Structures are given as C-alpha cells and as structure tokens.
Number of protein chains: 4
Amino acid sequence: MAEDSTAGQNSADEQWIEELLSISKEEKMTPKQISILQAAIEVFSEKGFSATATSEIAQKAQVAEGTIFRYYKTKKELLLAIVGPTMSRMIAPFVLRNFNGVLDVPFDSYEEFLRAFIVNRLEFARKNFKIIKIVIQEIPFQPALREQFMENVLSKVLERVIAITEHFKEKGQLIDVPTPAIIRFTISSAAGYLLTRLLLQPEKEWNDEEEIDLTIRFILHGIGGSPSK
Amino acid sequence: MAEDSTAGQNSADEQWIEELLSISKEEKMTPKQISILQAAIEVFSEKGFSATATSEIAQKAQVAEGTIFRYYKTKKELLLAIVGPTMSRMIAPFVLRNFNGVLDVPFDSYEEFLRAFIVNRLEFARKNFKIIKIVIQEIPFQPALREQFMENVLSKVLERVIAITEHFKEKGQLIDVPTPAIIRFTISSAAGYLLTRLLLQPEKEWNDEEEIDLTIRFILHGIGGSPSK
Amino acid sequence: MAEDSTAGQNSADEQWIEELLSISKEEKMTPKQISILQAAIEVFSEKGFSATATSEIAQKAQVAEGTIFRYYKTKKELLLAIVGPTMSRMIAPFVLRNFNGVLDVPFDSYEEFLRAFIVNRLEFARKNFKIIKIVIQEIPFQPALREQFMENVLSKVLERVIAITEHFKEKGQLIDVPTPAIIRFTISSAAGYLLTRLLLQPEKEWNDEEEIDLTIRFILHGIGGSPSK
Amino acid sequence: MAEDSTAGQNSADEQWIEELLSISKEEKMTPKQISILQAAIEVFSEKGFSATATSEIAQKAQVAEGTIFRYYKTKKELLLAIVGPTMSRMIAPFVLRNFNGVLDVPFDSYEEFLRAFIVNRLEFARKNFKIIKIVIQEIPFQPALREQFMENVLSKVLERVIAITEHFKEKGQLIDVPTPAIIRFTISSAAGYLLTRLLLQPEKEWNDEEEIDLTIRFILHGIGGSPSK
DNA sequence: GATGAATGAGCTTTCATTCAT
DNA sequence: CATGAATGAAAGCTCATTCAT
C-alpha cells in the first residue's frame, strides 16, 4: 500500500521510531527518555561525542540536566544506549534467516543476493544515518563499542557472509579467489555506493535502481573493456 | 617497470618528515615544536581531538603546557597545523605530473595506472596513518578542515582522475559507464584494500603484491564466474 | 523642613539592599547569589576588578567557583550586575520629582536645595561606598560602563540640575555666570567634601552638620575676606 | 623667554621628555629603557595596570620581553619607576621656594597665589596627564604607592599650603574658617576645573584664562547673588 | 519521578618571570 | 646588553555528575 511504501521512505529524522519499537519489546520508555535519545542522537552526530555537552542534550530534549542521569548513569552509557541497539539491528537480516542453525541461502544467484543486500542496507543506512555516523566516529575511541561491534556484529555477519560466498563459489557463480578477498571486494563496492550516496553527495539526484544495477554489474564483471576482441 | 615508476613517485612522499615539518619550505622548526607536533599526532589519533587535553600533549612532548601555545595560539590551530600540510601532500602525485596544463597520462594501460596508484597511496597511508586517521575523524566536525579538503584536495584530485579515466575510456580499456561511477568503483576498491590492510587487520600477515594483483583483477574483471553460463 | 524632605528622598535609597539585589523588581535572588554579589563587591573594591580572581570571590562567598558562572556568564557580567543597578539609583532623587514632565523645584532657596542635595548624596555615598569606588575605578576601562553612565546617569542628572540652576538664577539667588560653570563649582565643592569625608579621612571625627554648613556658605559666598579694603 | 613659554605648551605626548630630563640628572637611561617607559605609560593609562600584559608593553616598545625585566625586576617595579618621579615633581613648586626653612610667600594676594597655582598645575596636569591617571587609578591598590604619596607628596604640600593659607588669613584676605576647610574648598574648586577641563570634556574649546578667572572669583566670592541688598 | 542548583575537577589559555644564548 | 624561547602557576570558564527538594 501507499502507506507502506512511503513508510519505507520515511525521513531520516524518524529513524528513532523504528529503533524505539525494537526496544519497546524489552522495556517501556517514557516520553522523556525518548526525547533524550532523540536529542542525543542529533547532537552526537552533529558535534561528536566528546564535543557534546550533556547540558545541550538536556536543552534540546526539553528536559532537566539531572533527568538524563536518571536514565543513564554516565554520558558514555547514553552513547552505548543509542549505539548498542542499532548495532544489533545492523545484523538483523543476516541472522534472521539463520536461526536454528540451518544454512539456508534464499537466493538463486549471487546477483540476486547482492541486490537484496544493497537495497536493504541502503534503506537501513538511510533510516539510521545519524546513528551510524556516531558508531563510525566513536568505534576507534570506545573500546566497549569496538568490542561489542567485533563480537556481536562483525563476526556474525562474516560467518554468514562467508557461508553465502562459498555457497556461490561452489555453484561456480564466483571465481576461485580467497573468500576474504571476495567479501572485501563486495563490501567495498557496496559501501562505496552507500557512502557516496548518503554522505559525500546526499543532495545529488540519484537514480538508485540504476546505480545499484551498475554497481552489481561492476562487482560481477569489473570495468575492464574487451578491446582485444 | 611499475616498481620503478612508482618508486619515482614515492620519492616525493619520502620527504614526508621534512615536508610535514615544513623545514624545507617556510621556516625552521625547533625541536620543541617538532616534539609537540609528534605528541599531538599521537594523542589526537589515539583519543580524538576533542577528547585530548593539551596537558597530555605537553606531557608527552616533554614540554611545558605554555610552550604549546607559544607556537599555536589555540588547540584548533595545532590541529590544522598537523592536518593541513598532510592534506596538501595527499594530492602531490596527482598534481605533480599535471604541471603546465599538459594532460599527460604516463601510463600505457589502466592496469598500470591502477597498480601505481594503489602502491603509491598504500605507501603514503602507511607513513601518514595517524594523521590520516585524524583527518577522517575531524573532517565532519571542523568546517575549516572540510572546506580546505574540498577545495584543495578533492576537486584537484577529481579533475585529474576524470581526465585519466576518460583517456582510457577513449582507448577502449574501460567500459562505457559514466565516469563518476567508474571512479567510485575504483576508489572504493582501492580504499577497501587500504582500510582492511591498515585499519581492520593491521596485524595480519599481508602479501601486498598478491593482494594488489587480486584487487586490480577485481576492478577490471569483477568476481563473476564466467563458466556458469 | 529640609530635614524631612530629604528624609523622604532617602527612603528611596534606604531600600538599597532590596533594590541592589533587585528583589522587589525582577526576580528573587538565592542566598548564594547574594553572597556572591557581596563577596564580589568586597573584593573588587579592595583589589580592583582586573586584579581580582574569581576563585577569591568564590572563596569569600563560600561558594564553588562554578556557581559564580551559573549566575553570571563572565566575570565582566558580574561586574555589570553589581554596578548597573547602583548607577541607576545614583539618579533616583533627580528623576523622582521630575515625573510627568513638570519642572517643579521643591525648594525655596538654592541653599535649601544644596543642603538637601549634599545630605542626600552623602547618605547615598556612605551606604554604597564600595560600589561607587568600583564604578569610579572601572569607568575609564569598561566602555559598556562608561556608555551606560553617560546616557543613563550623567545626562539625566545634568538636565535636571540645569533646570534647577536656571530657576534660581532667574530668581536672582545666583550670580549671572554661565550655568555649566555654576554647576561645576557646586558639584566640585560638594564632591570635595564627600571625598575628603569618606575616602581621604574616613577615620577622622566629622561634624557633618557643621561641615555642610561651611561648605554651603563657601559655595554661596566664597572664602574671600571682605575687610581687605 | 620664548623658549620657556613655548616649552611650557609642549604637546602632552612629550611629557616623558621632561620626566626623563629630571631623571637623567641621576642616572643615564638607554633608548630602550626610554621606550619601555613610554610604552608602559601608554598602556597602563589605557588599560589599567593589572589588565596590562608585559608582553604588550614590550611589543609597543619594540623591545624583547626579557629586556623589560632587565631594567625592572617586576612589573610593579616598572609601575613605581613611572609613578614615583612624577609624584616627586607634583610637589616641586611647593618645595622649591621652601628651601632652607624660610617661610616665604612670594605672592601679595591670595588671588595671585590661586592664579599661579591653578595655571601651574593645569600645565603640569596637561603634560603628565597619562601618568597622573595611572597614579590616581593605582593609589588605592598599591600600598607602596599610597605610602609614598602620603609621606612624600601630600604631607609636604599640605605643610606648605597650610602656611600660605594662614599667612593670608592673618592678612585678612581669607575669612576665619578652619584652615583644613579652606584648603579643601580651594583644592576642590581647582581640581574640579582641571578634571572637567582635561578628563570630562577634553575636546571642548576652552578659554582657560576666562575659566580660571571665573573659578578664582568663585573661590573668593561664591556664587550667591546679592538680591537682598 | 523530575528537577536544576551546586559542585569541583579539569579544561584551554594567559602571563610575569627566568635564563641560555 | 639584549634576546625570546621556555616555563608553570594561575587565570577564567566548562561540564559531567550529584543530591536535596
């Protein structure tokens, strides 16, 4: 329905709703807490974690300074509260289909997988742009974050992606190159598009479908011309 | 050989110490100033600019805190003094050969260009790893930095790279895909290798020559297996 | 009687505590804020504005240093908060009787006016001695202060005093000398008494009534002996 | 002589020359030292002693920072070096004629004395305006200064002025009022003119001769009209 | 729960003073 | 003599955190 399709195109500012929903399954959040998180996401992504004053978050959240510390013992804990759940959801599409240990690859071709992967992560990145920016900025400086990322995100994603890659290698859809390299090529190319699309030239008019097609074709066949022929 | 030609380009980068310290160009730097810069690079890259206390820089540089401010009026000025010259040197290999407006492409094949480019930038990134990390971390938050980067680095590099790309497109060595996309694919793939190599898995034993070969082959021909068809 | 009428004017000044603390007018002040102001007045008048450390104010006010800056964003703002209201009250007796534009001179003789004026300002100066000292010390160096003084205090007082002076000149009670000179003579003589009384020889035993009588007689008749002939 | 009278009208900025001459009798000053003093006078009078940085003095004097401390061990010593000699010269006209204890009053009338006194001190104040400003500003805060002023200046001047006053009281030229009061009246009136003339309205066009006449007439006869007569 | 006044450690920056050259 | 690099104590100010209300 129109409802749904437009919902998919929701403004980036509403990213928190989705986030909150996934949290609300665990614990209820008060409106104050929600606006604290909203404000913190806003200011952290704009100024960086260290350069952000809790007083500014409080002001933007229309909340007393003390209230922030009622919910989150320290400023760092507030950071983790924002970034943790989003990191979990980064891997959702990879683990969802992997439950009960069955290695099932629901794609007929690597191309199909690639397209689903890029489209899906583009959507995710669009919705969680600010939080992702925070994650990337702070991972180098927050050991807790890096550890969580390595253990809960990267390793699980890799595990899954390795399986998929080798699945298609066996099917002959991928050339016989070490799996880590193939994964690196794929992710580099996909991430290159996402970054250009959302960060470097966000205001440019993009034809996503076309660009994704180009990107996939590149991943599969490269950019080398065949003049020899 | 590619080895030699890139080595020739490297020679510009090899002066990095002198150039970073701008000894050969503007004024001499005192040992104190040098150790301030070194300490600042160390701590900024380790903790981030905002989270770094000038007192820590002073301590690491074995210098009184006031001494820092004799050389750099503010902490931000110190940041720019570190980052500015390095940004200039990021583009050195691109502008060097572009002098007097002649569009000369000193490579017979795109592959040759690619190899020279990757080898050269890998060397540069290895030597300037910490500073590059600082640049990447602070560009989103320091308008002065972003502006300088956009105007002095990115635009000049792109201008040159566009010329090179279209040169090889005309020679039929590259497929007929919009130039921006080709550049994006190339840079994504190269950067993907550099990041993995230096940031994500720096401790892994890397066979650079082999990996660069793989990466170039990927850029030119992709990872799609042909036999499946 | 002069006594009564000046007492009536004094009543405005007698509220100095409340008024300085602006309790009756704008907002309530906390005890901490009051003791900050009191400590600041003390130390500023004793050491001068520039030579006063905020840490000393904090210590004297039994308050953490940060608390000062909760109430006053900068040290200079604290100065203005002390000095501003007092400057306003310097002119109170002059504007009070000037309401609704009517030029009324509630004194039968210049002598009566003089006595009321000197008594009233002596009282005011006695009560606000330290603040006045601060004002005088800082006016040459604080443009904001000087401007405020010129526009809000001096011009209004002069306007009123000119009117009074010309009123008594018309009545023949004052000789025909340019009004600015007359005002200068009067204020010099009155201020000369106040300064000697409060600043130069504060510990001397003063018979104020007698000295004021002498001063008024001087202003009116000078010190020239008549028998010279 | 013409020499002398024009020398008396020297521009205010050359006040230091006169000062230096009076010092040079004791010890030679180097050009550096002179420009340090000049610069210090300038900046102290403009910003106040405490708010002045020695670095600014050095800069304005075209001298290295260390040079200042070669001549004056501390910043305060520099202040005293400026202010001390000038204070001595404040009393010059009073002590000059008082040598060998003879009480000689070289004036036939108090009026004559007054005129000489005011003209002379106006000239002095004009030449030493900036230094006098510094003296007045810093006396409240520098005990050393206050002590020197009290002992070396005020007491000697008073001693002399008391003698003069009583001389003319005996001659019947002054009314029989306590001498301290008479002195106060005289000095207040004279100082009132000097301050108005040099500080409050320096840019106004003044007819000094006329104003001094008015002031003297005021001191002697007051401003009271004689309508009753 | 929610507040926001209060804190004090710590920040960046200034500055009088020293001293090797 | 003169310099100016170097110092480090102290300045003004910020900010994460606490706690009485």
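Bear in mind the structure is a predicted one, so any value in this text is a computation, not a measurement. Letters A, B, ... are given to chains in the order of the sequence lines, protein chains preceding strands, and every chain is numbered from 1.
- Between C:Arg70 and E:dA5 there is a side-chain polar atom (N or O) within less than 4.0 angstrom of OP1 or OP2.
- Figure legend: cation-pi geometry between D:Lys32 and D:Tyr71 absent, as NZ or CZ is not positioned both under 6.0 Å from the six-membered ring centre and within 45° of its axis.
- The partner of F:dA20, taking Watson-Crick or G-U wobble pairs whose two distances both stay under 3.5 Å, is E:dT3.
- Two residues are said to be in side-chain contact when any heavy atoms from C-beta on lie closer than 4.5 Å; A:Thr54 and A:Glu65 meet this criterion.
- Here the C1' atom of nucleotide E:dT7 and the CD atom of C:Gln62 are 14 Å apart, to the nearest Å.
- If you measure from atom CG of B:Leu79 to atom P of E:dT13, you get 12 Å, rounded to the nearest angstrom.
- A sub-4.0 Å separation between OP1 or OP2 of E:dT7 and a side-chain N or O of C:Lys32 is present.
- Between A:Tyr72 and F:dT17 there is no side-chain polar atom (N or O) within less than 4.0 angstrom of OP1 or OP2.
- Put simply, B:Tyr71 has a side-chain N or O that comes within less than 4.0 Å of OP1 or OP2 on F:dA6.
- The distance between atom CD of C:Glu65 and atom C1' of F:dA10, rounded to the nearest whole Å, is 10 Å.
- Shown here, F:dG12 forms a base pair with E:dC11; the pair counts as Watson-Crick or G-U wobble because both key distances fall under 3.5 Å.
- Side-chain proximity of A:Phe69 to the nucleotides F:dT17, E:dT13, E:dT17 is greatest for F:dT17.
- Atom CD1 of D:Ile34 and atom C1' of F:dC1 are 16 Å apart (whole Å).
- Comparing B:Thr30 and C:Ser50, the nucleotide of DNA chain F nearest to each residue sits closer to the 5' end for B:Thr30.
- With rounding to whole Å, C:Ile68 atom CD1 is found 16 Å from E:dA5 atom P.
- Between C:Pro31 and D:Thr54, it is C:Pro31 whose nearest contact on DNA chain E lies nearer the 5' terminus.
- Checking D:Lys75 against A:Ala64, the closest nucleotide of DNA chain E that is more toward the 5' end is the one next to A:Ala64.
- When rounded to the nearest whole Å, the span between CD of C:Gln33 and P of E:dG4 equals 16 Å.
- A:Gln59 places its CD atom 13 Å from the P atom of F:dA16, with the value rounded to the nearest Å.
- Candidate nucleotides E:dT17, F:dT7, E:dT7 were compared by shortest atom distance to the side chain of B:Thr67, and F:dT7 ranks first.
- Counting non-hydrogen atoms of neighbouring residues, nucleotides and ligands closer than 6.0 angstrom, the CD atom of C:Gln62 reaches no more than 12 such neighbours.
- Annotation: C:Glu77, atom CD; neighbour count of heavy atoms from other residues, nucleotides and ligands within 6.0 Å is above 12.
- Checked options A:Lys60, A:Lys133, A:Lys130, A:Lys47; the residue passing with A:Glu42 is A:Lys130 (criterion: salt bridge (charged side-chain N to carboxylate O under 4.0 Å, His left out)).
- If you find the closest nucleotide of DNA chain F to D:Val63 and to A:Ala53, the one lying nearer the 5' end belongs to D:Val63.
- Across the protein-nucleic acid pair, D:Glu56 atom CD and E:dC15 atom C1' stand 12 Å apart, rounded to whole Å.
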